[in-house]
Amino acid sequence: MKTILLKFAGPLQSWGTDSQFENRSTDRYPSKSAVIGMLAASLGYSRDDERIAKLNHLDFAIRIDQPGELLNDYHIARRFRANGQLDQAYVTNRQYLQDAVFVVALGSDDEKWISEIEHALRYPYFQPFLGRRSNPLSPDFFIGIENQDVISSLEGLKWQASDWYIRRNSGKVILSIYGDAHLMDNPATQMVRDEVISFSQKERLHGYRAVGRKDIVLMPRSEESHD
């Protein structure tokens with residue numbers, strides 16, 4: 001088993017799985033479908049590429065290292081008519097997570113496949129971003145590859161939160177891991193519309209997948225080396 005570990009950190013992120021029309025909300029952590037979209041872009045797949053479906057089979061889990069705060073953006077936009085004239089202005093409400101840090105784990109027994117994904121992430125064909133094009137990845141987003149399953153990889157990884165956040169939260173810290181339900185022991189399962197069927201702009205479709213949660217206890221970096 002090989003597991004890729006990625007850090008999603010930036011001023012703004014947005015991970016919506018339930019947005020409707022002009023109201024663009026965000027979930028509290030990245031969805032598997034969004035991460036699959038990033039992988040597909042990095043691999044150079046088109047929205048209609050049938051190879052995207054295989055990415056659903058990657059083991060997936062995410063650890064919330066710094067939950068961040070919700071930010072609502074009141075956004076005004078205008079369309080152009082077919083004749084080139086400006087149409088009436090309209091309002092969109094867009095939601096973001098600010099100052100959040102997540103660790104994403106992607107695993108498979110197919111080590112060659114994992115190596116291909118690693119190369120694509122390091123040298124992407126299309127530029128990946130944190131949910132929206134305005135939200136770039138941080139330079140240190142690629143943490144590394146572990147020779148173990150995704151849950152064990154997340155359990156053993158040191159806290160990735162910002163230094164200021166770690167200083168503010170001294171003592172033991174409880175971090176939540178959300179992942180594919182079959183990876184968890186006795187998971188509290190919820191169904192999320194997060195399995196990619198098609199990214200086609202004509203008919204974007206997602207199915208449901210089962211998600212489990214597990215909480216782990218970590219010590220801050222400042223206490224890891226204390227004897």
Please check if the side chain of [X] supplies one atom and the backbone of [Y] the other of a donor-acceptor pair under 3.5 Å.
X      : Y      : result
Glu195 : Arg193 : no
Asn56  : Ala53  : yes
Gln13  : Phe8   : yes
Asp194 : Ser33  : yes

Any pair counted as ring-ring contact (aromatic ring centres under 6.0 Å, His included), so long as it reaches residues 34-60, sequence neighbours left out: none
Indicate the atoms forming the closest heavy-atom contact of [X] with [Y], along with that distance.
X      : Y      : answer
Ser46  : Ile52  : O-CD1, 3.4 Å
Ala210 : Thr189 : CB-CG2, 3.5 Å
Ile177 : Ala61  : CG2-CB, 4.2 Å
Pro128 : Met38  : CB-CE, 4.0 Å
Trp159 : Arg63  : CA-NH2, 3.8 Å
Leu55  : Ala40  : CD1-N, 4.0 Å

Under 4.5 Å between side-chain heavy atoms, counting indirect links through other Ile/Leu/Val/Met/Phe/Trp/Tyr residues: same cluster for [X] and [Y] or not?
X      : Y      : value
Trp15  : Val101 : no
Val173 : Trp164 : yes
Trp113 : Val196 : yes

When Ile, Leu, Val, Met, Phe, Trp and Tyr are grouped by side-chain heavy atoms lying under 4.5 Å apart, directly or through other members, which residues fall in the same group as Phe126? Tyr125
Does the pair Asp99 and Glu69 meet the rule for a side chain to side chain contact (heavy atoms under 4.5 Å, CB included), with working shown? CA-CA 7 Å; Asp99 293 329; Glu69 300 290 339; over 6 Å; no
Given the rule in the side chain to side chain donor-acceptor pair (under 3.5 Å) test, do Gln95 and Asn72 qualify, once you have shown the distances and angles that lead to the verdict? CA-CA 5 Å; Gln95 199 172 57; Asn72 291 304; 3.2 Å; yes
Could you work out, with side-chain contact (heavy atoms from CB on, under 4.5 Å) as the rule, every residue matching [X], not counting sequence neighbours?
X      : answer
Ile197 : Leu205
Arg133 : Arg47, Phe129
Asp215 : Ile174, Ser176, Arg213
Tyr29  : Ile62, Ile64, Phe102, Tyr178, Gln190, Val211

Donor-acceptor pairs are to be reported for all side-chain atoms of residues 148-156 against protein atoms at under 3.5 Å, with residues two or more places apart or in another chain.
| residue | atom | partner | partner atom | Å |
| --- | --- | --- | --- | --- |
| Asp149 | OD1 | Ile151 | N | 3.1 |
| Asp149 | OD1 | Ser152 | N | 2.9 |
| Asp149 | OD1 | Ser152 | OG | 3.3 |
| Asp149 | OD2 | Ser152 | OG | 2.8 |
| Ser153 | OG | Asp149 | O | 2.8 |
| Glu155 | OE2 | Lys214 | NZ | 2.4 |

Using a 4.5 Å cut-off on heavy atoms from C-beta on, say whether the side chain of [Y] contacts that of [X].
X      : Y      : value
Tyr165 : Arg167 : no
Leu183 : Asp59  : yes
Arg28  : Leu70  : yes
Leu5   : Glu146 : yes
Arg132 : Arg94  : yes

For residues 134-145, run the donor-acceptor check on the side chains, cut-off 3.5 Å, and write out each pair with its distance to 0.1 Å, sequence neighbours left out.
| residue | atom | partner | partner atom | Å |
| --- | --- | --- | --- | --- |
| Asn135 | ND2 | Leu130 | O | 3.3 |
| Ser138 | OG | Asp140 | OD1 | 2.9 |
| Asp140 | OD2 | Lys7 | NZ | 2.8 |

Would you mind listing every salt bridge (charged side-chain N to carboxylate O under 4.0 Å, His left out) that reaches into residues 108-118, with sequence neighbours excluded?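 Residue pairs with at least one partner in residues 108-118: Glu118-Arg122.
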d(Lys54 NZ, Leu43 CG) to nearest 0.5 Å is 10.0 Å
Which residues pass the side-chain hydrogen bond (donor to acceptor under 3.5 Å, both in side chains) test with Gln66, sequence neighbours left out? Ser162
Sequence neighbours excluded, the answer for salt bridge (charged side-chain N to carboxylate O under 4.0 Å, His left out) partners of Asp180 is Lys32, Arg209
Under the salt bridge (charged side-chain N to carboxylate O under 4.0 Å, His left out) rule, collect the residues that match up with Arg51, sequence neighbours excluded. Asp49
Please step through side chain to side chain contact (heavy atoms under 4.5 Å, CB included) for the pair Leu71 and Leu97, ending with a clear verdict. CA-CA 6 Å; Leu71 172 69; Leu97 285 173; over 6 Å; no
Using the rule given for side chain to side chain contact (heavy atoms under 4.5 Å, CB included), can you reason through Ile117 versus Leu58, listing the C-alpha separation, both sets of side-chain angles and the distance that settles it, and then say yes or no? CA-CA 11 Å; Ile117 293 173; Leu58 286 167; 3.9 Å; yes
